[in-house]
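So that the names make sense, note that chain A is the first sequence line, chain B the second, and so on, each numbered from 1. As the structure is a computational prediction, the values presented were derived from the model and not from experiment.
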Protein chains: 2
Amino acid sequence: MSEVDPVIHQPTRLRIMMLLSGVRSADFTFLAGALALTKGNLSSHMNQLEKVGYIEITKTFKGKMPNTSYAITAEGRRQLGAYWQAIDEIRRLTVSD
Amino acid sequence: MSEVDPVIHQPTRLRIMMLLSGVRSADFTFLAGALALTKGNLSSHMNQLEKVGYIEITKTFKGKMPNTSYAITAEGRRQLGAYWQAIDEIRRLTVSD
DNA sequence: TGCTATAGTTTGTGCTACAAACTATCTGAC
DNA sequence: GTCAGATAGTTTGTAGCACAAACTATAGCA
């Protein structure tokens with residue numbers, strides 16, 4: 001019975017990971033808008049995802065304004081796959097199994 | 001974008017709901033063993049599920065020992081279905097959508 | 001030289017999952 | 001009978017987390 005990864009299971013982070021899994025990278029403002037998150041909330045989620053190595057944070061400047069962009073890592077992609085497997089396992093969970 | 005129900009999303013309660021969805025009823029001791037939960041933890045999860053009307057708690061006596069058994073309600077079954085729909089929605093989440 | 005906007009980060013708080021401690025009853029052993 | 005576990009739960013205390021409000025810092029314009 002493989003446990004679900006709590007870092008990924010949290011609904012906001014799950015959405016973030018799913019979005020990032022489909023793009024090369026996405027920046028802070030885009031993610032905040034796409035997922036309707038406050039900046040503080042998004043910021044802390046991204047820091048958590050980076051801390052466990054599921055995403056990579058790149059800080060640059062666009063013109064003179066700071067621009068933070070995020071990309072999923074190979075490890076993040078692997079864990080996301082494992083997460084869905086664990087969910088599928090729960091989904092099949094019945095007493096008879 | 002229908003949000004996931006946090007009561008069901010919590011992994012332990014999700015397993016409980018999945019188990020109960022496949023049986024007429026299950027008692028406290030069985031659930032604690034089947035899901036490897038401490039009694040305190042199981043007790044509080046079951047109370048939460050009852051509070052929102054997803055399960056029904058029936059207290060009887062088996063011989064002279066108290067016996068608490070749990071069954072999913074129609075509402076619980078409905079919400080569990082809605083939950084999986086919401087999860088599937090997230091699973092399909094990509095930027096292009 | 002203000003004033004508003006943009007792009008984030010830090011801080012404070014209310015809630016939650018969990019296990020330890022507790023309650024209450026039963027069942028032998030002596 | 002009574003003492004010592006075992007059984008079946010519930011209540012309580014705590015550590016950790018998600019969230020938004022407050023804050024920092026710079027840009028760009030009137």
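OP1 or OP2 of C:dT9 has at least one side-chain nitrogen or oxygen of A:Ser43 nearer than 4.0 Å.
At a threshold of 4.5 Å between non-hydrogen side-chain atoms, the residues B:Asp27 and B:Thr68 do not count as touching. Looking only at side-chain heavy atoms (C-beta outward), A:Phe61 and A:Asn67 stay at 4.5 Å or farther from each other. Contact annotation: the side chain of B:Ile87 approaches that of A:Trp84 to within less than 4.5 Å [non-hydrogen atoms, C-beta and beyond]. You'll find the side chain of A:Lys51 stays beyond 4.5 Å of the side chain of A:Val7, heavy atoms only. Counting heavy atoms from C-beta on, the side chains of A:Leu20 and A:Met46 come closer than 4.5 Å.
Using a 30° and 60° split on the angle between ring planes, B:His9 and A:His9 fall in the parallel class, below 30°.
For the pair B:Leu42 CG and D:dG9 P, the computed distance is 9 Å after rounding to whole Å. Whole-Å rounding puts the A:Asn47 CG to D:dC17 P distance at 14 Å. The separation between B:His9 atom NE2 and D:dA18 atom P is 10 Å, rounded to whole Å. If you take CD1 of A:Ile8 and P of D:dC17, they are 15 Å apart, rounded to a whole angstrom. If you measure from atom CG of A:Leu14 to atom C1' of D:dA18, you get 15 Å, rounded to the nearest angstrom. Regarding A:Met46, its CE atom lies at a distance of 16 Å from the P atom of C:dA7, rounded to whole Å. Separating the CZ atom of B:Phe28 from the C1' atom of D:dT10 is a distance of 9 Å, rounded to the nearest angstrom.
A salt bridge is absent between B:Glu89 and A:Arg15; no separation between the charged side-chain nitrogens and carboxylate oxygens falls under 4.0 Å. Remark: B:Arg13 does not engage B:Asp5 in a salt bridge, criterion side-chain N to carboxylate O under 4.0 Å.
Here salt bridge (charged side-chain N to carboxylate O under 4.0 Å, His left out) pairs that include residues 52-69 of chain A, with residues two or more places apart or in two chains, number zero.
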Practice problem: List the protein contact pattern of nucleotides 13-19 of chain C with one symbol per nucleotide (5' to 3'): B for base contact, S for sugar-phosphate-only contact, - for none; contact means a heavy-atom distance under 4.0 Å. | Solution: ----SBB

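Remark: A:Lys59, A:Met65, A:Pro66, A:Asn67, A:Thr68 in residues 57-71 of chain A come within less than 4.0 Å of DNA chain C through at least one heavy atom.
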